[in-house]
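Start at 1 and go down the list; that is how both ligands and their atoms are numbered.
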Amino acid sequence: MPIYSHSQLSMYENCPLKYKLRYRDKIKLDIEGVEGFMGLRVHETLKKLYDDIRLTKVDSLTVLLSYYDKIWRQNWHDSILIVKKDLTKKHYHALGKKMIEIYYQRYSPFDSDVTIGTEMSLNFALDIEKRYRMMGYVDRLSRTVDGIYQIRDYKTSAHLSSQEDADNDRQLGLYQIGIQKKWPDIKNINLVWHYLAFDRELTSSRSEQSISKLKEKTIRLIDEMASVEDFPPRESGLCDWCEYQDLCPMRKHFYTVETLPVNEYLKEPGVVLVNKYAELKEKASEIDEQIEKVREAILDYARREQVQVIKGSDRKARVNFIKKLKFPSRIEEERQELDNVILEAGKWMEVSQLDITALTRAIEGSLWDKELIDEVLKYGRIEETSSIYLSRLKDEGK
Ligand code: SF4
């Protein structure tokens, strides 16, 4: 059985295609986001701080910052991606430095707890049979004088999570399972996130019940990841940082045409087709508006003149005013009452039919027992439908 990590699970949830390319197809690319690069250097610097403290040496801030500068220079490479066009390498370097300074000033002289380990590797099972294995790295495990263990995580993101996010966080919850497998006598554990850019610490803890729920939920997710055959791309704000844009059907075309000079770009067949389609759709919607106005005018004319057929030059228009019996729709309040009247009269089967949309939702969302789903699926078939949605590009540059 493969070993999973929290980042694999998150990647699958965020974009199944990216997960497949990275972990199933094992396509490894050098491209690295500058935010991730900076985060790694800050983590390494804080690791050095606590590793040295364990050896009784408290580094000065100057020593730490020059270490940060050194590893930044040593690791920098040409494939580091800076997505935010108004920021440069210098800005990110300075941001990492600021985070280290803030952390240092807040926690110096670093004697409020004892460090048990930094970048501590965990490898543990979620079940007794050891079929569901997880791995991970704890940024720092510490113990206070009161004997409370703290699983600490450094966050270098520009987003400060809420307390609710912390209380529901999967990663440190899983690490708690790993720590308690390693040392079953550890009972008091706090989960601590250091939001370095905000000088904020978030703390949470997990009850036994929430840990067993977390295990169940994670096992279900792993089962899904192991059995699915379809890994669709899922577009999100994270796509700009994705290293697989040239392999992804959502981004491949952008990637291909982005580097073309304007004259070639405008001749590229895909660009030509989309431009033509957009132009025609615009004309069609103008014509639809005009048709609607003329239609309304014909109806007014027919009502006013009390005629049903109106003669044109080489066509005639027949106008029908039809009165239809209507009942409340699903979302209207009286609908429930109406359903009850029919049900109580024992006539439901005469007027109802299977709701195919609700059925598809139940099957695709695995809302029923597997046995029933398999039985129902014998009657299903896959049909391809197609649609084209036009939307405006955020970047109007081209
Ligand atoms: S570009 Fe976006 S949709 Fe495509 S694989 Fe990457 S994250 Fe997924």
Side-chain angles (χ1 to χ4, degrees), residues 2-40 77-87 92 134-137 155-159 161 165 168-171 174 217-218 220-260 265 268-271 273-275 277-278 361 364-366 382 384-398:
I3 302 177
Y4 292 88
S5 66
H6 164 74
S7 40
Q8 284 185 44
L9 306 185
S10 297
M11 193 179 288
Y12 174 77
E13 287 166 326
N14 289 330
C15 176
L17 176 62
K18 185 173 177 182
Y19 163 77
K20 175 179 175 284
L21 294 169
R22 170 83 63 86
Y23 293 107
R24 289 258 182 129
D25 303 346
K26 300 197 189 320
I27 301 175
K28 190 91 185 82
L29 300 170
D30 283 342
I31 302 168
E32 184 181 5
V34 69
E35 293 85 351
F37 175 86
M38 181 267 290
L40 275 177
H77 56 90
D78 293 340
S79 307
I80 292 173
L81 193 68
I82 303 179
V83 174
K84 296 187 176 165
K85 298 291 174 227
D86 52 338
L87 296 180
Y92 286 98
M134 298 283 315
M135 56 161 288
Y137 293 91
K155 294 283 184 203
T156 52
S157 61
H159 161 80
S161 292
D165 291 336
N168 292 313
D169 181 86
R170 177 177 56 208
Q171 184 180 18
L174 287 173
K217 221 173 142 188
T218 311
R220 271 206 305 277
L221 180 60
I222 291 177
D223 275 340
E224 181 189 318
M225 290 165 69
S227 63
V228 289
E229 281 164 18
D230 191 22
F231 294 87
R234 191 169 296 149
E235 256 192 314
S236 72
L238 299 173
C239 290
D240 288 343
W241 282 266
C242 177
E243 64 270 42
Y244 301 110
Q245 293 184 47
D246 59 330
L247 300 174
C248 168
M250 294 293 185
R251 290 288 177 129
K252 198 156 58 175
H253 190 250
F254 282 59
Y255 191 86
T256 318
V257 296
E258 233 161 42
T259 49
L260 295 178
Y265 173 83
E268 198 277 339
V271 175
L273 284 169
V274 172
N275 289 349
Y277 188 68
R361 207 180 305 125
E364 288 183 343
S366 305
I382 301 291
E384 188 178 81
T385 58
S386 58
S387 58
I388 300 175
Y389 298 103
L390 274 182
S391 60
R392 295 215 170 268
L393 286 173
K394 269 189 240 147
D395 179 0
E396 304 277 341
K398 277 189 171 170

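Listed by number with element, the atoms of ligand 1 under 4.0 Å from a non-hydrogen atom of Arg251 are 1 (S). Less than 4.0 angstrom separates some heavy atom of Arg234 from each of these atoms of ligand 1: 3 (S). Heavy-atom proximity to Cys239, at under 4.0 Å, picks out these atoms of ligand 1: 1 (S), 2 (Fe), 3 (S), 7 (S). Distances below 4.0 Å separate heavy atoms of Pro233 from the following atoms of ligand 1: 3 (S).
Here Lys18 pairs with Glu243 in a salt bridge; the nearest charged N to carboxylate O distance falls below 4.0 Å.
Protein heavy atom in closest approach to atom 8 (Fe) of ligand 1: Cys15 SG, 2.3 Å. Ranking protein heavy atoms by distance to atom 6 (Fe) of ligand 1, first place goes to Cys242 SG, 2.4 Å. Protein heavy atom nearest atom 4 (Fe) of ligand 1, with residue, atom name and distance: Cys248 SG, 2.3 Å.
At distances below 3.5 Å, at least one donor-acceptor pair connects side-chain atoms of Gln245 with backbone N or O atoms of Cys239. Using modelled atom types, one side-chain atom of Tyr244 and one backbone atom of Ile27 make a donor-acceptor pair closer than 3.5 Å.
Using a 4.5 Å cut-off on side-chain heavy atoms (C-beta onward), Asp78 and Asp30 make no contact. Taking the side chain as every heavy atom from C-beta outward, Glu268 and Thr256 never approach each other to under 4.5 Å.
Between the CG atom in Asp165 and the CG atom in Asp169 there is a gap of 8.5 Å [rounded to 0.5 Å].
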